[in-house]
Amino acid sequence: MRIATWNVNSLRVRLPHVLDWLASEQPDVLALQETKLTDEDFPRAEIEAAGYHAVFVGQKTYNGVATLSRVAGSDATPGIAGFDDPQKRVLAATYDGVRVVNVYVPNGESVGSDKFAYKLDWLERLRAHLRDELRRHPRLVLLGDFNIAPEERDVHDPAAWDGKVLFSGPERQALRHLMDIGLHDTFRLFEQAERQYTWWDYRMNAFRRKLGLRIDHILASDEMRSACRSCRIDLEPRRRERPSDHAPVLAEFAL
DNA sequence: ATGGTCGGTAACCGA
């Protein structure tokens, strides 16, 4: 079972890239973030023509998540239980007994801002929610744009990013705290080359200069960790014309 | 040198 995540930064603009990537990589599940469109504008027909089912929860202009899949998902559940958040950032569904939780974690704007406080609060609510989900679903994958680089090796210049949003102490601690419930970074289960990132600022030729951060993750429960066989970042879509600022991440599970 | 580039939407906000 191949499970992937990709922040597309507007599904309307990136649909050709997504359709090409589905054809070339043929993931069983692809979690998309920042679709930036309402449910009525979701390109369902184009996705289905490519042989994929879709569940989605979106809004105008901002946020929005969608999960595409070869087989239809069941028990699709938007949001975090008990948290009436108008921002559409979470969508869970079950595929062949695997609970897949697709998240677009708040960006946080800058350390100390209101949006930063929202990000930390949001992560704590997600943690409580996932603890319950894990009890019900031992086979669980939590994936998406976390807007947090876990370690120094996930940042092109850790000294410059020290204390900055996406790499600040409170954010990294919140991510560790979330992973403490029993979630494992599939990327780090395997030997990886150095300086591998999933996001590069559009400005200053950051991608060409390899100035990135690894902020998109595929986390696996204990049972799914045991089944995980690989995890890699695909840079090919980021090299194309008019790319998303994020690259897709793909993990393979022996299921 | 505190900028820079995108996307969405219609003067800027969010990332």
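Letters A, B, ... mirror the listed sequences (proteins, then strands); counts begin at 1.
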**Request:** Could you tell me the separation between the CG atom of A/N7 and the C1' atom of B/dG14, rounded to a whole number of Å?
**Result:** 12 Å
**Item:** Results of side-chain hydrogen bond (donor to acceptor under 3.5 Å, both in side chains) for A/S168 - residues two or more places apart only
**Value:** A/E171
**Message:** What is the distance, to the nearest angstrom, from the CG atom on A/L211 to the P atom on B/dG4?
**Reply:** 18 Å
**Message:** What is the distance, to the nearest angstrom, from the CG atom on A/L166 to the P atom on B/dA15?
**Reply:** 11 Å
**Request:** Give every residue pair that meets the ring-ring contact (aromatic ring centres under 6.0 Å, His included) criterion with at least one member in residues 174-197 of chain A, sequence neighbours excluded.
**Result:** none
**Prompt:** If you pin A/L11 and A/H246 to their nearest nucleotides in DNA chain B, which one's is more 5'?
**Reply:** A/L11
**Complete:** Between NZ of A/K119 and P of B/dG14 the distance, given in whole Å, is 15 Å
**Item:** Pairs meeting criterion ring-ring contact (aromatic ring centres under 6.0 Å, His included) with involvement of residues 11-53 of chain A, two or more places apart
**Value:** A/W6-A/W21, A/F42-A/F56
**Request:** To the nearest Å, give me how far apart CD1 (A/I148) and C1' (B/dA15) are.
**Result:** 15 Å
Output a table of nitrogen or oxygen pairs between the protein and nucleotides 5-7 of chain B separated by less than 3.5 Å.
unit_1	atom_1	unit_2	atom_2	d
B/dG7	OP1	A/R14	NH1	3.0
B/dG7	OP1	A/R14	NH2	3.4
B/dG7	OP2	A/R242	NE	3.4
B/dG7	OP2	A/R242	NH2	3.4
B/dG7	O3'	A/S10	OG	3.2

**Fill in**
A/F116 atom CZ is separated from B/dA15 atom P, nearest whole Å, by 14 Å
**Asked** Which pairs pass salt bridge (Lys or Arg N to Asp or Glu O under 4.0 Å) with one or both residues in residues 233-247 of chain A, sequence neighbours excluded?
**Response** A/D20-A/R240
**Distance in angstrom units between A/D145 CG and B/dA15 C1', rounded** = 10 Å
**Message:** What's the gap between B/dA1 and B/dA10 when it is taken at their C1' atoms, as a whole Å value?
**Reply:** 31 Å
**Request:** Run through the side-chain heavy atoms of Ile, Leu, Val, Met, Phe, Trp and Tyr, join any pair under 4.5 Å, and report what else lands in A/V13's cluster.
**Result:** none
**Request:** Compute whether any side-chain donor of one residue and acceptor of the other, for A/T67 and A/N102, lie under 3.5 angstrom apart.
**Result:** yes
**Prompt:** For A/F207, which contact category applies under a 4.0 Å heavy-atom criterion: base, sugar-phosphate, or nothing?
**Reply:** nothing
**Item:** For atom NZ of A/K60 and atom P of B/dC13, their distance in whole Å
**Value:** 17 Å
**Asked** Can you list the steps and then say if A/V57 with A/R89 is a side-chain contact (heavy atoms from CB on, under 4.5 Å)?
**Response** CA-CA 8 Å; A/V57 54; A/R89 297 180 173 279; over 6 Å; no
**Asked** So does A/K115 get a side-chain nitrogen or oxygen closer than 4.0 Å to the phosphate oxygens (OP1/OP2) of B/dG14?
**Response** yes
